[in-house]
Amino acid sequence: MLFKESVQIAITALLSNKLRSILTMLGIIIGVGAVIAMISIGMGVRQNVTDSIASLGSNMLIVTPGSTNQGGVRSAAGSSQRLKLEDAEAIKKKIKNIDYVSPTVNSSYQIVNGNQNWNSSVYGVTPEYLQIRDLSVSTGSFITQADVNSRNRIAVIGTTVAANLFDAQNPVGKNIRINGQPYKVVGVLESKGQSSMGSDQDDIVIIPLTTAQERLMGITYIRSINIQVSSADRIEYVQGQVEALLRQRHHIGGDKEDDFTVRNLTSLMETMNDTTTMLTLFLGSIAAISLIVGGIGIMNIMMVSVTERTREIGIRKALGATFRNIMMQFLIESVVIGVIGGLLGVACGVGLAMGIAELGLFTTVITAAPIVISFGFSVGIGLFFGIYPARKAARLDPIEALRYE
């Protein structure tokens, strides 16, 4: 009953000074709302990065050429032409714990259909590319090993290319021209949308690797080798085996620098997740500063309240109120400010995060953890910053309090 009455008294005191109470809660509302919104943005960025890397394929290693060094002058990374199809075949045959290997080449070309044209990235791949990159064909079929062996002029196109060259028509069975050469469209890929970096993953044309090398680009080397490892816990082992095999095949001995690079997408994802987690915590910490400011505002207004109600405190003590009773009364009033401010802050934070996502400014991910933590923190702030004013009220001498004007 005493607790219930203390809560009622606290609410009555807040309602009797509505404007002052709202201004006192404002710091808590802003703080809680900002924490929730900032953490939601940070988690949205993390989700985008994770989805973008995951869209490249699971348990992946990507081997790319290194740079060349002529006369002490180093060229750009990827300029080396020493990565060959035979390297990919050797990796597939000699290294265990690998599910799929797909050597690739790529370049940009103008794609033409009748009077329609579109500039897109053309990839020469093997059939394993479908599984490694987690692609799906919505219409038609994917390239086969027979297409690779025969160097067939066929193409599988992304939805962006299909929309720009064929409008609403079904492209399967129709011909397109790449660099003036005719290619028959045999399939259309399922849409994968944009990556976290804003690139269109559907703006792609896929043709057989040998067709790209010999009939389109006129090259004998490959630009990358995509490797899917059988399980995540074997990635580092397989990476070491791949590096050792390629050094052996390329006759790189001693301390000589590799002429290739092996990228581990799992490690990249872990690094990016760690980075975005730190970013999220940084944003949340900055936003939490306003919660501290709000707590100082609570303590300030509670000190004013103690001064205004000095005679009331004296009367309560004269009627038998103990130190504990007075302490509880003012602590509950301080906590009520924190609770109401926290609830309003949660509503504002969730609404702000949803509004940011709706406007397309950032992707946001709203979870229960920041809501619970920030609300709990607002209640704790109310309790912590209410202790000093409550103790000051409880220590007032009843005689002196009754004489207070």
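Note that the numbering runs from 1 along the sequence shown for the chain.
Shown here for Ser141 and Val156, the closest heavy-atom pair between the two residues is O-CG2, 3.6 Å. Ile222 approaches Ile225 most closely through the heavy-atom pair CD1-CG1, 3.5 Å. In plain terms, the two heavy atoms of Ile154 and Pro208 that are nearest each other are O-CD, 3.5 Å. Considering every non-hydrogen atom in both Ser334 and Phe385, the closest pair reads OG-C, 4.4 Å.
Here CD1 of Ile207 is found 11.5 Å from CG of Asn152. Values are rounded to the nearest 0.5 Å. Residue Ile381 holds its CD1 atom at 10.5 Å from CE of Met299, rounded to the nearest 0.5 Å. Note: Glu243 CD to Phe260 CZ = 6.0 Å, rounded to the nearest 0.5 Å. The distance from the CZ atom of Arg249 to the CG atom of Leu83 is 10.0 Å, given to the nearest 0.5 Å. Note that CD1 of Ile371 is 6.5 Å distant from CD1 of Ile366, once rounded to the nearest 0.5 Å. We find the CD1-NZ distance between Ile176 and Lys184 to be 12.5 Å, quoted to the nearest 0.5 Å.
Counting heavy-atom neighbours within 6.0 Å of Lys174 NZ, excluding the residue itself, gives a total above 12. Crowding of Met354 atom CE: a count of heavy atoms from other residues, nucleotides or ligands under 6.0 Å not exceeding 12. Heavy-atom contacts from other residues, nucleotides or ligands closer than 6.0 Å to CD of Gln248 number 12 or fewer. Crowding of Tyr123 atom OH: a count of heavy atoms from other residues, nucleotides or ligands under 6.0 Å not exceeding 12. For Phe323, the CZ atom is densely surrounded, since the number of other residues' heavy atoms within 6.0 Å is greater than 12. The environment of NZ in Lys84 is crowded: more than 12 heavy-atom neighbours from other residues, nucleotides or ligands sit within 6.0 Å.
Between Asp202 and Lys192 the shortest side-chain heavy-atom distance falls below 4.5 Å. Contact annotation: the side chain of Glu89 never approaches that of Val101 to less than 4.5 Å [non-hydrogen atoms, C-beta and beyond]. The shortest side-chain heavy-atom distance between Leu291 and Ile28 falls under the 4.5 Å cut-off. Side-chain contact check for Tyr109 versus Met217: some heavy-atom pair is nearer than 4.5 Å. Annotation: side chain of Phe142 is in contact with side chain of Val125 (closest heavy-atom distance under 4.5 Å). Using a 4.5 Å cut-off on side-chain heavy atoms (C-beta onward), Phe166 and Val161 make no contact. Counting heavy atoms from C-beta on, the side chains of Ile157 and Leu189 never come closer than 4.5 Å. Considering only heavy atoms from C-beta on, Ile41 comes within 4.5 Å of Met38 through its side chain.
For the side chain to side chain donor-acceptor pair (under 3.5 Å) criterion with Ser224, the lone passing option out of Thr64, Asn106, Thr104 is Thr104. The residue from Arg133, Gln131, Glu128 that alone fulfils the side chain to side chain donor-acceptor pair (under 3.5 Å) condition with Asn226 is Arg133.
Side chain of Gln213 to backbone of Tyr221: a donor-acceptor contact under 3.5 angstrom is found. A donor-acceptor pair is defined here as one N or O able to donate and one able to accept, closer than 3.5 Å; such a pair exists between the side chain of Arg247 and the backbone of Lys256. Judged by distance alone, the side chain of Lys93 and the main-chain N or O of Ala90 form no donor-acceptor pair under 3.5 Å. The closest donor-acceptor contact from the side chain of Asn300 to the backbone of Gly297 lies at 3.5 Å or more, if one exists at all. Put simply, the side chain of Thr210 gets close to the backbone of Val148: a donor and an acceptor are under 3.5 Å apart.
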Under the side-chain contact (heavy atoms from CB on, under 4.5 Å) criterion, do Ile111 and Tyr183 qualify, and how do the steps go?
-> CA-CA 10 Å; Ile111 318 299; Tyr183 288 79; over 6 Å; no
Hey, mind stepping through Ile298 and Thr24 against side-chain contact (heavy atoms from CB on, under 4.5 Å) and telling me if it holds?
-> CA-CA 6 Å; Ile298 290 177; Thr24 304; 4.0 Å; yes
Step-by-step salt bridge (charged side-chain N to carboxylate O under 4.0 Å, His left out) determination, Glu312 to Arg316 | CA-CA 6 Å; Glu312 176 190 325; Arg316 289 179 183 278; 3.1 Å; yes
For side-chain contact (heavy atoms from CB on, under 4.5 Å), just list the numbers for Trp118 and Thr160, CA-CA rounded to whole Å, side-chain angles, deciding distance to a tenth of an Å, and then say yes or no.
-> CA-CA 10 Å; Trp118 183 254; Thr160 298; 4.1 Å; yes
Take Ile289 and Ser285 through the test side-chain contact (heavy atoms from CB on, under 4.5 Å) and record every step on the way to the result.
-> CA-CA 7 Å; Ile289 293 174; Ser285 299; over 6 Å; no
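Judged by distance alone, the side chains of Asp258 and His250 never bring a donor and an acceptor atom under 3.5 Å apart.
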